[in-house]
Amino acid sequence: MKKINVPSKLSFIISSVTSVIFVSYFAYKGFKVYFVQKAMDDTFIGGSSSDITITLWFAISGVMALSMFLFFQFTKIKDLNSERTIQKGIFFGWTAITIAMLIFIPSYIYFILLTIIASVVSLLSSITLKHKIAEDLK
C-alpha cells in the first residue's frame, strides 16, 4: 500500500485559503446586514435596530482573518515536532468547526465540505510528519 505524503506547507496553504473564503463570506454578510439595517433606519421614523448581528459577522470575519495570518506564519516553522503539534491542533480546530456547522447550519454544505477537506489534509500532514520524525530518529 502506498503512503500518502502531504507536506505541512500544503496543509497550511489549504487552511489559509479556507480561512480567506470564510473571511470574505462573513465580511460580505456583515456589510449586507449593515446596509439593510441602514436602509431600515432610513425608512422608519425613529427606528432603532440592534448592532449585535453586524458585530458578530465582522467579529467572526476578524477571527478568521487572524487565523489566516497565523497559517501563513506557520509555514516558516522548521521543527518537525512543532509542526506536528500545530497540525494536530489545526485538525481538531477544523473538525470542531465542521461538527458545529453540521449541527447549527447544515444548509451551508459547501462550507462544511471545505472544512472537511482542510481537516483531512491536516490529518494526513500530521501522519506524514509522524513518519518523517520516525525516519529522522532512525
[X] [atom1] to [Y] [atom2] distance, which is reported to the nearest 0.5 Å:
{"X": "T55", "Y": "Y34", "atom1": "OG1", "atom2": "OH", "result": "11.5 Å"}
{"X": "F71", "Y": "I14", "atom1": "CZ", "atom2": "CD1", "result": "11.5 Å"}
{"X": "Q87", "Y": "F74", "atom1": "CD", "atom2": "CZ", "result": "9.5 Å"}
{"X": "M101", "Y": "S107", "atom1": "CE", "atom2": "OG", "result": "8.5 Å"}

Next on the checklist: Contact between W94 and I90 at the side-chain level, heavy atoms closer than 4.5 Å - yes or no?
Outcome noted: yes
Checklist entry - Is the closest side-chain donor-acceptor distance between S122 and S11 under 3.5 Å? => result no
Checklist entry - What orientation do Y108 and Y25 show, parallel under 30°, tilted 30 to 60°, or perpendicular over 60°? => result perpendicular
Checklist entry - Do the ring planes of F58 and F31 sit parallel (below 30°), tilted (30 to 60°) or perpendicular (above 60°)? => result perpendicular
Mark yes or no for whether [X], through its side chain, and [Y], through its backbone, hold a donor-acceptor pair below 3.5 Å.
{"X": "S61", "Y": "W57", "answer": "no"}
{"X": "S67", "Y": "M64", "answer": "yes"}
{"X": "T128", "Y": "I4", "answer": "yes"}
{"X": "S24", "Y": "V20", "answer": "yes"}

Checklist outcome for this item: In terms of heavy-atom contacts, A65 and V23 come closest through N-CG2, 3.2 Å
Checklist entry - If you take all heavy atoms of I54 and G30, which pair is closest and at what distance? => result CG2-O, 4.3 Å
